[in-house]
A.B. asks: 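I have a structure I would like to understand better, so I am pasting it below and will then ask my questions one at a time.
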Amino acid sequence: MIPTEDASARKREIEEKLKQEQETLSFVRENLEKSDQLTKGMVSILSSFESRLMQLENSIIPVHKQTENLQRLQENVDKTLLCMDHVISYYHVKGKELLEVQEEVVLEHLPETVLQDIICIAGWLTDYGRNQDFMNVYFQIRSTQLDRSIKGLKDHFRKNSASSGILYSPAVQTKRKDTPTKKTPKRPGKDDALDVEIDSYIHCISAFVRLAQGEYALLTEVIPEHHQKKTFDSLIQEALDNLMLEGDNIVSAARRAIMRHDYSAVLTIFPILRHLKMNKSEFDSTLQGTAASTKNKLPALIASMETIGAKALEEFADSIKNDPDKEYNMPKDGTVHELTSNAILFLQQLLDFHETAGAMLASQESSSSSSSYTSDFNKRLLSSYICKVLGNLQLNLLSKSKVYEDQALSAIFLHNNYNYILKSLEKSDLIQLVTVTQKRAEMSYRELIEQQIGMYQRSWLKVTENLTDRNIPVLLPGSKLKDKERQVIKDKFKGFNDGLEELCKIQKGWAIPDKEQRDFIRHAQKKVVSDAYRAFLCANMSFTKNPEKYHKYRPEEVEEMIEKLFDTSA
């Protein structure tokens with residue numbers, strides 16, 4: 001039996017240990033509760049962090065991809081411009097050399113590794129994903145890039161023209177004040193702002209064909225075969241529509257110019273139309289497989305340009321015929337009329353595009369399709385048109401010449417214009433086109449020129465008729481002149497002197513711009529007058545005690561006076 005004291009001590013010891021264990025247990029429980037709270041807080045923080053991290057990732061990854069795409073697109077634009085610079089540097093290279101240069105230009109749309117990834121993704125989406133939406137995304141992205149490339153080329157031309165001191169002036173905004181009745185300067189060369197715009201449009205057309213071919217080559221590797229044509233059709237629409245719209249704007253500008261009787265503006269259409277027709281086969285080949293509405297856009301633009309161009313040509317010919325005979329607009333000195341110089345200038349500029357102009361006129365023939373016309377037929381049409389313009393010009397000049405009261409000045413006016421026409425035809429090779437339908441054209445103009453020279457020489461009859469032996473008294477040996485007979489000789493001298501002085505004074509202010517013709521007419525007139533004057537002096541007899549009063553000029557002095565004709569500085 002355990003002693004009572006020991007049992008009590010033992011009991012107290014156990015109670016103390018129990019109390020300690022309870023305190024320990026309570027401490028552990030409190031720590032566990034705190035640990036649970038910390039754990040829950042940590043889990044909440046981690047969950048929030050994970051959520052925010054996912055949100056950040058969802059935001060950053062698209063931005064990163066878009067940035068990467070933009071950088072790639074920018075690199076492609078830069079590469080395109082560099083390639084275009086390379087092509088443009090060979091602008092004057094012709095024939096086979098130009099083709100070799102073009103073959104050197106290879107556009108890399110995407111890096112090879114990226115392209116392979118896209119092909120792989122497209123294949124997976126097609127085979128497993130059954131998702132066709134990526135084709136729409138593809139053509140939208142590539143369509144934007146194609147259009148940006150074309151616009152980048154335009155900006156490139158704009159910057160180049162600005163850096164060379166030429167203001168960029170869109171064709172639809174260019175106002176040309178040249179008309180058939182105003183002095184029309186020759187269009188400058190490549191430094192002219194309008195020429196820059198024309199070149200820009202022509203290069204953009206060529207660039208579109210090359211870029212579209214590259215897009216189709218890329219598309220065939222990414223898009224399933226049975227979707228390629230439709231996707232390509234959608235891809236090129238925006239860039240093609242913008243090009244066609246710009247072409248329509250050029251046509252509209254030409255149409256407005258024609259309404260203002262500014263026919264020289266239509267010349268802007270010719271280089272574009274020639275380029276479009278030369279590249280139509282390649283254009284059609286590139287668009288093969290697209291919708292009919294897409295294929296017909298270029299032919300519609302060509303037809304529109306041919307129609308407005310043919311209309312301008314016909315109205316120009318009519319304007320030459322109907323130009324009014326305004327007295328204040330006539331040259332006082334009988335020189336070449338501005339209508340003549342403007343008409344010839346227009347035809348000379350037309351000669352640079354004779355094939356295009358001939359086909360343009362043929363396109364308006366209703367007898368059959370214009371495509372069935374041969375090159376010779378087109379050439380004959382253009383020759384007939386040029387002859388029509390020249391015929392209208394000749395009729396108008398003849399009408400204008402009647403404004404002059406002095407028939408001699410009228411003859412000089414017609415002579416100058418006919419001679420100008422003939423020399424211009426010969427210098428510009430227009431005569432070769434004219435003779436296609438008018439074999440005697442050159443001879444006809446020479447006959448007209450000679451005819452007007454003869455008309456002019458008649459003005460000197462009132463001078464030389466005083467030198468004829470008509471009414472000269474016949475003096476028999478040993479006889480003397482009567483007063484009446486002396487007066488006849490005096491009147492002849494006076495008539496000659498007065499007539500000579502009057503004509504030289506008037507005709508000195510007239511003009512014959514062609515030196516060869518001027519010298520020829522002077523020489524011919526000097527010979528006629530001088531020979532008659534010398535013969536008159538030799539036949540003259542003593543008729544006065546003061547011969548110097550009537551014999552004012554020596555034959556050499558008469559020749560010097562005639563030599564100063566058509567020279568205002570004399």
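Throughout, numbering of the chain's residues begins at 1 and tracks the sequence.
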A.B. asks: Taking Arg518 for its side chain and Ile512 for its backbone only, find out whether a donor-acceptor pair lies under 3.5 Å.
C.D. replies: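 Answer holds: yes.
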A.B. asks: Atom CG in Leu422, atom CZ in Arg446: separation rounded to 0.5 Å?
C.D. replies: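 Those atoms lie 5.0 Å apart.
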A.B. asks: May I have the step-by-step check of side chain to side chain contact (heavy atoms under 4.5 Å, CB included) for Met305 and Ile302, ending in yes or no?
C.D. replies: CA-CA 5 Å; Met305 287 187 171; Ile302 290 176; 5.8 Å; no
A.B. asks: Is the closest basic N to carboxylate O distance between Glu560 and Lys564 below 4.0 Å?
C.D. replies: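 Salt bridge: no.
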A.B. asks: Hey, do the aromatic rings of Tyr263 and Phe346 have their centres closer than 6.0 Å?
C.D. replies: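 No, the ring centres sit 6.0 Å or more apart.
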A.B. asks: Kindly say whether His337 contributes a backbone atom to a donor-acceptor pair with the side chain of Asn417 at under 3.5 angstrom?
C.D. replies: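 Yes; at least one donor-acceptor contact below 3.5 Å.
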A.B. asks: Holding to side-chain hydrogen bond (donor to acceptor under 3.5 Å, both in side chains), I want the full list of residues that pass it with Gln432, two or more places apart in sequence or in another chain.
C.D. replies: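 Partners of Gln432 under the side-chain hydrogen bond (donor to acceptor under 3.5 Å, both in side chains) test: none.
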A.B. asks: Looking only at heavy atoms, what is the nearest atom pair of Leu382 and Gly358, with distance?
C.D. replies: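 Between these two residues, the closest heavy atoms are CB-CA, 4.2 Å.
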A.B. asks: Would you say Leu301 and Asp248 make side-chain contact, with heavy atoms under 4.5 Å?
C.D. replies: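 The answer is yes; the side chains approach within 4.5 Å.
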A.B. asks: Look at Lys400 together with Asp323 and state whether they make a salt bridge at an N to O cut-off of under 4.0 Å.
C.D. replies: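 The answer is yes: the pair qualifies as a salt bridge.
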A.B. asks: What closest approach, in Å, do Pro331 and Thr335 show between heavy atoms, and which atom pair accounts for it?
C.D. replies: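 Taking Pro331 first and Thr335 second, the nearest heavy atoms are CG-O, 3.5 Å.
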A.B. asks: Which pairs, with at least one residue in residues 421-452 and sequence neighbours excluded, count as a ring-ring contact (aromatic ring centres under 6.0 Å, His included)?
C.D. replies: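 Listed once each, the pairs would be none.
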A.B. asks: Could you list the residues that satisfy salt bridge (charged side-chain N to carboxylate O under 4.0 Å, His left out) with Arg554, not counting sequence neighbours?
C.D. replies: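 Partners of Arg554 by the salt bridge (charged side-chain N to carboxylate O under 4.0 Å, His left out) criterion, ordered by chain and then number, come out as Glu556, Glu557.
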A.B. asks: Is it the case that the side chain of Ser304 and the backbone of Ala300 share a donor-acceptor pair, with hydrogens and angles ignored and the cut-off at 3.5 Å?
C.D. replies: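 Absent.
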A.B. asks: Could you check Lys326 against Glu338 for salt bridge (charged side-chain N to carboxylate O under 4.0 Å, His left out), going step by step and ending with a plain yes or no?
C.D. replies: CA-CA 12 Å; Lys326 297 178 180 178; Glu338 58 188 354; over 6 Å; no
A.B. asks: Main chain of Leu243, side chain of Tyr201: is a donor-acceptor contact present, judged purely on distance under 3.5 Å?
C.D. replies: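 Checking the backbone N and O of Leu243 against the side chain of Tyr201, a donor-acceptor pair under 3.5 Å is found.
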A.B. asks: If only atom types and distance count, is the side chain of Thr307 paired as donor or acceptor with the main-chain N or O of Ala303 below 3.5 Å?
C.D. replies: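 It does hold such a pair.
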A.B. asks: Run the side chain to side chain contact (heavy atoms under 4.5 Å, CB included) check on Thr435 and Glu442 step by step: do they pass?
C.D. replies: CA-CA 8 Å; Thr435 52; Glu442 186 174 0; 5.6 Å; no
A.B. asks: Grab the two heavy atoms, one from Pro513 and one from Asn416, that are nearest each other, plus how far apart they are.
C.D. replies: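 Pro513 and Asn416 have their closest heavy atoms at CD-OD1, 3.6 Å.
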A.B. asks: Please name the pair of heavy atoms, one in Phe316 and one in Ala343, separated by the smallest distance, quoted to 0.1 Å.
C.D. replies: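 So the minimum-distance heavy-atom pair works out to CZ-CA, 3.9 Å.
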A.B. asks: For Lys494, enumerate each residue passing the salt bridge (charged side-chain N to carboxylate O under 4.0 Å, His left out) test, keeping only those at least two apart in sequence or located in another chain.
C.D. replies: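 Partners of Lys494 under the salt bridge (charged side-chain N to carboxylate O under 4.0 Å, His left out) test: Asp498.
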A.B. asks: Please examine the side chains of Tyr418 and Thr340, heavy atoms only from C-beta on, and report whether any two atoms are closer than 4.5 Å.
C.D. replies: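 A side-chain contact is absent here, since even the closest heavy-atom pair is not under 4.5 Å.
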A.B. asks: Counting only heavy atoms from other residues, nucleotides and ligands, does the tally under 6.0 Å from CD of Gln407 exceed 12?
C.D. replies: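 Incorrect, the count does not exceed 12.
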A.B. asks: Given side chains that start at C-beta, do those of Leu414 and Leu448 come closer than 4.5 Å, heavy atoms only?
C.D. replies: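 No, too far: nothing below the 4.5 Å cut-off.
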A.B. asks: Verify side chain to side chain donor-acceptor pair (under 3.5 Å) between Asn279 and His275, making sure each step is shown before the conclusion.
C.D. replies: CA-CA 6 Å; Asn279 292 272; His275 184 77; 3.3 Å; yes
A.B. asks: Once side-chain hydrogen bond (donor to acceptor under 3.5 Å, both in side chains) is applied, do any residues pair with Lys277, and if so which ones, sequence neighbours excluded?
C.D. replies: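 So Lys277 forms a side-chain hydrogen bond (donor to acceptor under 3.5 Å, both in side chains) with Glu306.
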A.B. asks: Can you name the closest pair of heavy atoms from Val436 and Ser383 and give their distance?
C.D. replies: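 Closest approach of Val436 to Ser383: CB-OG, 3.6 Å.
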A.B. asks: Measure the spacing between CD1 of Ile344 and CG of Leu430 and express it to the nearest 0.5 Å.
C.D. replies: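 Going from the CD1 atom of Ile344 to the CG atom of Leu430 covers 7.0 Å.
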A.B. asks: How long is the straight-line distance from NE2 of His354 back to CG of Asp429, given to the nearest 0.5 Å?
C.D. replies: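 With rounding to 0.5 Å, CG (Asp429) is 10.5 Å from NE2 (His354).
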A.B. asks: Looking at Leu565 and Arg522, what are the two nearest heavy atoms and their distance?
C.D. replies: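 Nearest heavy atoms, Leu565 then Arg522: O-NH2, 2.7 Å.
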A.B. asks: For a side chain to side chain contact (heavy atoms under 4.5 Å, CB included) check, start with the C-alpha distance between Phe536 and Thr464, then their side-chain angles and the critical distance, and finish with the verdict.
C.D. replies: CA-CA 10 Å; Phe536 178 75; Thr464 56; over 6 Å; no
A.B. asks: Assess whether a salt bridge exists between Arg380 and Asp376, defined as any Lys/Arg side-chain N lying under 4.0 Å from an Asp/Glu carboxylate O.
C.D. replies: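 Salt bridge between Arg380 and Asp376, a charged N being under 4.0 Å from a carboxylate O: no.
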A.B. asks: Ignoring hydrogens and angles, tell me if any N or O in the side chain of Ser410 forms a donor-acceptor pair with the backbone of Ser401 under 3.5 Å.
C.D. replies: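 Checked: pair present.
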A.B. asks: Quick one: does Lys379's side chain get under 4.5 Å of Leu433's, heavy atoms only?
C.D. replies: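 The answer is yes, as the side chains (C-beta and beyond) meet within the 4.5 Å cut-off.
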A.B. asks: Please list, one pair per line, the donor and acceptor atoms closer than 3.5 Å that link side chains of residues 385-394 to other protein atoms, with sequence neighbours excluded.
C.D. replies:
{"residue": "Tyr385", "atom": "OH", "partner": "Leu313", "partner atom": "O", "Å": "2.5"}
{"residue": "Lys388", "atom": "NZ", "partner": "Glu314", "partner atom": "OE1", "Å": "3.1"}
{"residue": "Asn392", "atom": "ND2", "partner": "Ala317", "partner atom": "O", "Å": "3.0"}

A.B. asks: For Lys526, I'd like to know if atom NZ has over 12 heavy atoms of other residues, nucleotides or ligands within 6.0 Å.
C.D. replies: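 More than 12 heavy atoms, drawn from other residues, nucleotides or ligands, come within 6.0 Å of this atom.
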A.B. asks: Tabulate below the donor-acceptor pairs under 3.5 Å that side-chain atoms of residues 499-506 make, not counting sequence neighbours, or state none.
C.D. replies:
{"residue": "Glu501", "atom": "OE2", "partner": "Lys552", "partner atom": "NZ", "Å": "2.9"}
{"residue": "Glu501", "atom": "OE2", "partner": "Tyr553", "partner atom": "OH", "Å": "2.4"}

A.B. asks: Keeping to residues at least two apart or across chains, list the salt bridge (charged side-chain N to carboxylate O under 4.0 Å, His left out) pairs with something in residues 341-359.
C.D. replies: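 Those involving residues 341-359 do not exist here.
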A.B. asks: Starting from the C-alpha separation in whole Å, work towards a yes-or-no answer on side chain to side chain contact (heavy atoms under 4.5 Å, CB included) for Glu516 and Lys423.
C.D. replies: CA-CA 12 Å; Glu516 182 180 350; Lys423 292 296 180 67; 4.0 Å; yes
A.B. asks: Return the CD1 to CG distance between Ile150 and Asp155, rounded to the nearest 0.5 Å.
C.D. replies: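 The distance works out to 11.5 Å.
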A.B. asks: Taking Asn396 for its side chain and Lys321 for its backbone only, find out whether a donor-acceptor pair lies under 3.5 Å.
C.D. replies: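 Yes, the answer is positive, given that a donor and an acceptor are paired below the 3.5 Å cut-off.
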A.B. asks: How many angstroms lie between atom CD1 of Ile431 and atom CD1 of Ile421, to the nearest 0.5 angstrom?
C.D. replies: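 CD1 of Ile421 is found 11.0 Å from CD1 of Ile431.
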A.B. asks: Side-chain polar contacts of residues 449-457 - donor-acceptor pairs under 3.5 angstrom, sequence neighbours left out - could you list them?
C.D. replies:
{"residue": "Tyr456", "atom": "OH", "partner": "Trp460", "partner atom": "NE1", "Å": "3.1"}
{"residue": "Tyr456", "atom": "OH", "partner": "Gln507", "partner atom": "OE1", "Å": "2.4"}

A.B. asks: Who are the salt bridge (charged side-chain N to carboxylate O under 4.0 Å, His left out) partners of Asp491, not counting sequence neighbours?
C.D. replies: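 Testing Asp491 for salt bridge (charged side-chain N to carboxylate O under 4.0 Å, His left out), a comparison that skips the adjacent residues, returns none.
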A.B. asks: Please list, chain by chain and in numerical order, all residues satisfying salt bridge (charged side-chain N to carboxylate O under 4.0 Å, His left out) with Asp333, sequence neighbours excluded.
C.D. replies: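 Partners of Asp333 by the salt bridge (charged side-chain N to carboxylate O under 4.0 Å, His left out) criterion come out as none, since no residue qualifies.
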A.B. asks: To the closest 0.5 Å, what do you measure between CZ (Phe283) and NZ (Lys297)?
C.D. replies: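 Rounded to the nearest 0.5 Å, the CZ-NZ separation comes out at 9.5 Å.
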A.B. asks: Sort and list the pairs that fulfil ring-ring contact (aromatic ring centres under 6.0 Å, His included) and have at least one residue in residues 391-417, not counting sequence neighbours.
C.D. replies: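 Counting only pairs at least two positions apart or across chains, the ring-ring contact (aromatic ring centres under 6.0 Å, His included) contacts touching residues 391-417 are Tyr404-Phe413.
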A.B. asks: Is there side-chain contact between Ser530 and Val558, with heavy atoms separated by less than 4.5 Å?
C.D. replies: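 They are not in contact (no side-chain heavy atoms under 4.5 Å apart), so the answer is no.
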